[in-house]
Amino acid sequence: MANQEVLYYNVCENFSVYELANGIKHIMEQAQCETQIITLSDTSYVVQCRNTSNDGWWRKLTGNAKALTVALDLNNLRLAVQIGNTEWGDKAAGYVLAYLVFWPLAITATYGIYSQNQLKQQVLDYIRNTTGHIPTYN
């Protein structure tokens, strides 16, 4: 995953990674994204999303393409979460193109970055609220 960070959460004995993955999927669907859950094991899942609109080429050009991957892995009551934005290269390209050629596109590229960060923050808030703990980085 590009631009990923790994966070760790202590969880209780009855914690369900499956339910957490489905909750994250629901948040992504509310953001009008196509989502999928990949089951790696009973305690390890990957949740991915991307824009579902038909104007994908325009979104990529203007830097508004959203894609997010969340990897969840539970081991000994410790949940490891890797969350990474993708499509950042397209956002940067859209921003440079906007700046050099058509400055109003800079606004849409900036909005695309903001929008994607909002989705990431919603997912992180949901994980924190579901686990009931503040994450650590090791």
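Listed for the H133 side chain is a donor-acceptor partner under 3.5 Å among the backbone atoms of N10.
Scanning all heavy atoms of the two residues, the minimum distance from G23 to Y126 falls at CA-OH, 3.4 Å. Here the closest non-hydrogen pair linking T35 and C49 is CG2-CB, 3.8 Å.
When hydrophobic clusters are built by joining Ile, Leu, Val, Met, Phe, Trp and Tyr residues whose side-chain heavy atoms come closer than 4.5 Å, directly or via intermediates, V81 is not grouped with V46.
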task: Take I27 and L119 through the side chain to side chain contact (heavy atoms under 4.5 Å, CB included) test and state the conclusion after the steps.
output: CA-CA 8 Å; I27 290 169; L119 178 59; 4.0 Å; yes

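At a threshold of 4.5 Å between non-hydrogen side-chain atoms, the residues I127 and P135 do not count as touching. Residues V123 and V47 fail the side-chain proximity criterion, which asks for heavy atoms closer than 4.5 Å.
Rounded to the nearest 0.5 angstrom, R128 CZ and D125 CG are separated by 4.5 Å. Note: Y9 OH to L74 CG = 13.5 Å, rounded to the nearest 0.5 Å. The distance from the OG1 atom of T69 to the CD1 atom of I83 is 9.0 Å, given to the nearest 0.5 Å. Distance check, rounded to the nearest 0.5 Å: SG of C12 to CG of L77 gives 8.0 Å. From L72, atom CG reaches atom CD1 of I38 across 11.5 Å, with rounding to the nearest 0.5 Å. With values rounded to the nearest 0.5 angstrom, L68 atom CG is found 9.0 Å from I24 atom CD1.
Other residues, nucleotides and ligands place no more than 12 heavy atoms under 6.0 Å from the OH atom of Y18. Around CG of N129, the count of heavy atoms belonging to other residues, nucleotides or ligands within 6.0 Å exceeds 12.
Contacts classified as salt bridge (Lys or Arg N to Asp or Glu O under 4.0 Å) and involving residues 10-33 (residues at least two apart or in different chains) are given here: K25-E29.
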